[in-house]
S.K.: 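Let me begin by handing over the structure; questions about it come next.
Every chain is numbered from 1 and lettered A, B, ... according to where its sequence line falls, protein lines coming before strand lines. All values reported here derive from a predicted model rather than from experimental measurement.
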There are 2 protein chains.
Amino acid sequence: MTSTDQPQRPAVRPTRQRRAVAAALAGFDDFRSAQEIHDLISRQGDSVGLATVYRTLSTLAEAGEVDMLRNEDGEAIWRSCSDTHHHHLVCRTCGATVEVEGPAVERWASRIAEEHAYAEISHTLEIFGTCPACR
Amino acid sequence: MTSTDQPQRPAVRPTRQRRAVAAALAGFDDFRSAQEIHDLISRQGDSVGLATVYRTLSTLAEAGEVDMLRNEDGEAIWRSCSDTHHHHLVCRTCGATVEVEGPAVERWASRIAEEHAYAEISHTLEIFGTCPACR
DNA sequence: CGACTTTTGAGAACCATTGTCAAACCGAGG
DNA sequence: CCTCGGTTTGACAATGGTTCTCAAAAGTCG
């Protein structure tokens, strides 16, 4: 390290496209597919390639800034999230989402994993249903 | 109904292909993709079309005879299962699976749903990790 | 400004899954 | 054993979400 030190900073640049994706994400609070988000952006006047939307969403997900989960068809759906670990109650029809926490469940999961000597645990826990408005 | 009565029996026929899929399923106890199952069948000497494998697996899943869930890439994976409601602890590397039950989690999920007035609830809860053998 | 690196976009490529439809098959009567 | 009508199958095309490719465009920093 020559100067100060920060040898391999990923160097993520704040581009127009990334700002557009962020803005789109800020505009809804339910889960949307990448393509829906792409449409939203177009509708807002910006133009961002679909591949870029996918790339940006993946990056944000890795950084923990958005949640990505899969709907019952296996499609990836995304939304911005709070930074604490949580799960979701998602409306199958309109996508309306409630963030829920379940500390007891977390504990249960790690206990189960431990009992069976599984390491590097991750878990998925999502609840799907029909929200009051969609009944 | 003319004769006795049994108006719309689906009439599922026990064909060679369906038997082959069942046999393949009986041959492993971890989760496999449809394509892997298809390969397995070929390797066992039978010949069953891929589309038929998919159709049979879907049918079995609807009948509750196999579990279908999605791995972290969104691919459907399948295995035969016990008939009680349960979840899974799945090895990310080799697919080794442990069926686990969590009555407390079930209760927690329905309480959460009720609190938010969501109906027709379903939930997914799977734990992924690395099994002792794959460490 | 200039050199260098990251990012983008258009479209091709991938690949799991589902649809299509004629041919093969099954089971029940006759 | 033969026929009839619905069921199932398989080869292949078609879908559709997601990723890859690669040259052009845009940031970064001196």
S.K.: Taking B:Arg70 first and then B:Glu75, would you say they form a salt bridge - that is, a charged N and a carboxylate O separated by under 4.0 Å?
M.R.: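 No, no charged N to carboxylate O under 4.0 Å.
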S.K.: If you compare every side-chain N and O of A:Gln17 against the phosphate oxygens of C:dG9 (OP1, OP2), does one of them come in below 4.0 Å?
M.R.: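 Yes, because at least one side-chain N or O of A:Gln17 sits under 4.0 Å from OP1 or OP2 of C:dG9.
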S.K.: Check the distance between D:dG17's C1' and A:Met68's CE and give it to me in whole angstrom.
M.R.: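 From A:Met68 CE to D:dG17 C1': 12 Å.
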S.K.: Report yes or no: do A:Thr130 and B:Glu120 form a side-chain donor-acceptor pair below 3.5 Å?
M.R.: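 Short answer, yes.
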S.K.: When the ring planes of B:Trp108 and A:His87 are compared, do they come out parallel, tilted or perpendicular, using 30° and 60° as the limits?
M.R.: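 Aromatic pair B:Trp108/A:His87 classed perpendicular.
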S.K.: Minimum heavy-atom separation for A:Leu57 and A:Val66, please, with both atom names.
M.R.: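 Minimum heavy-atom contact is O-CG2, 3.9 Å.
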S.K.: Compute the angle between the rotation axes at the two ends of the helix from C:dC1-D:dG30 to C:dG30-D:dC1, each taken over five pairs, rounded to 10 degrees.
M.R.: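 Roughly 30° between the end axes, to the nearest 10°.
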S.K.: How would nucleotides 18-30 of chain C be written as a contact map, 5' to 3', with B for base contact, S for sugar-phosphate-only contact and - for no contact, using protein heavy atoms under 4.0 Å?
M.R.: BBB----BB----
S.K.: Measure the distance from CD1 on A:Ile77 to P on D:dG16 and round it to the nearest whole Å.
M.R.: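 Value for this atom pair: 19 Å.
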S.K.: Measure from CG on A:Leu57 to P on D:dG17 and round the result to the nearest Å.
M.R.: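 Result: 15 Å.
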S.K.: Can you confirm whether the side chains of A:Glu99 and A:Ser82 place a donor and an acceptor under 3.5 Å from each other?
M.R.: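 Short answer, yes.
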S.K.: With a 4.0 Å cutoff (strictly under), does any side-chain N or O of B:Gln35 reach OP1 or OP2 of C:dC15?
M.R.: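 Result: no.
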S.K.: May I ask you to evaluate whether A:Arg18 reaches the phosphate of C:dT8, defined as a side-chain N or O under 4.0 Å from OP1 or OP2?
M.R.: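 Checking A:Arg18 against C:dT8: at least one side-chain N or O falls below 4.0 Å of OP1 or OP2.
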S.K.: Can you tell me the distance, in whole Å, between the CD atom of A:Glu75 and the P atom of D:dG17?
M.R.: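 The distance from CD of A:Glu75 to P of D:dG17 comes to 6 Å, rounded to the nearest Å.
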S.K.: I'd like to know whether the aromatic ring centres of A:His88 and A:Phe128 sit less than 6.0 Å apart in this structure.
M.R.: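 No; A:Phe128 has its ring centre 6.0 Å or more from that of A:His88.
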S.K.: Quick check: do B:Glu36 and B:Leu40 have side-chain heavy atoms less than 4.5 Å from each other?
M.R.: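 Answer no - side chains too far apart.
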S.K.: With distance as the sole test, does A:Arg18 use its side chain to make a donor-acceptor pair with the main-chain N or O of A:Arg13 at under 3.5 Å?
M.R.: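 Side chain of A:Arg18 to backbone of A:Arg13: a pair is present.
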S.K.: With no hydrogens and no angle check, do the side chains of B:His85 and B:Glu101 hold a donor and an acceptor under 3.5 Å apart?
M.R.: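 No donor-acceptor contact under 3.5 Å links the two side chains.
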S.K.: So B:Tyr118 and A:Val98, do their side chains get closer than 4.5 Å, heavy atoms only?
M.R.: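 Yes - at least one pair of side-chain heavy atoms lies under 4.5 Å apart.
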S.K.: Does anything in residues 36-49 of chain A reach DNA chain C, meaning a heavy atom under 4.0 Å, and if so which residues?
M.R.: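 Nucleic-acid contacts, sorted: A:Ser47, A:Val48, A:Gly49.
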S.K.: More than 12 non-hydrogen atoms from neighbouring residues, nucleotides or ligands closer than 6.0 Å to CD on A:Glu114, yes or no?
M.R.: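 No, because the 6.0 Å sphere around CD of A:Glu114 holds 12 heavy atoms or fewer from other groups.
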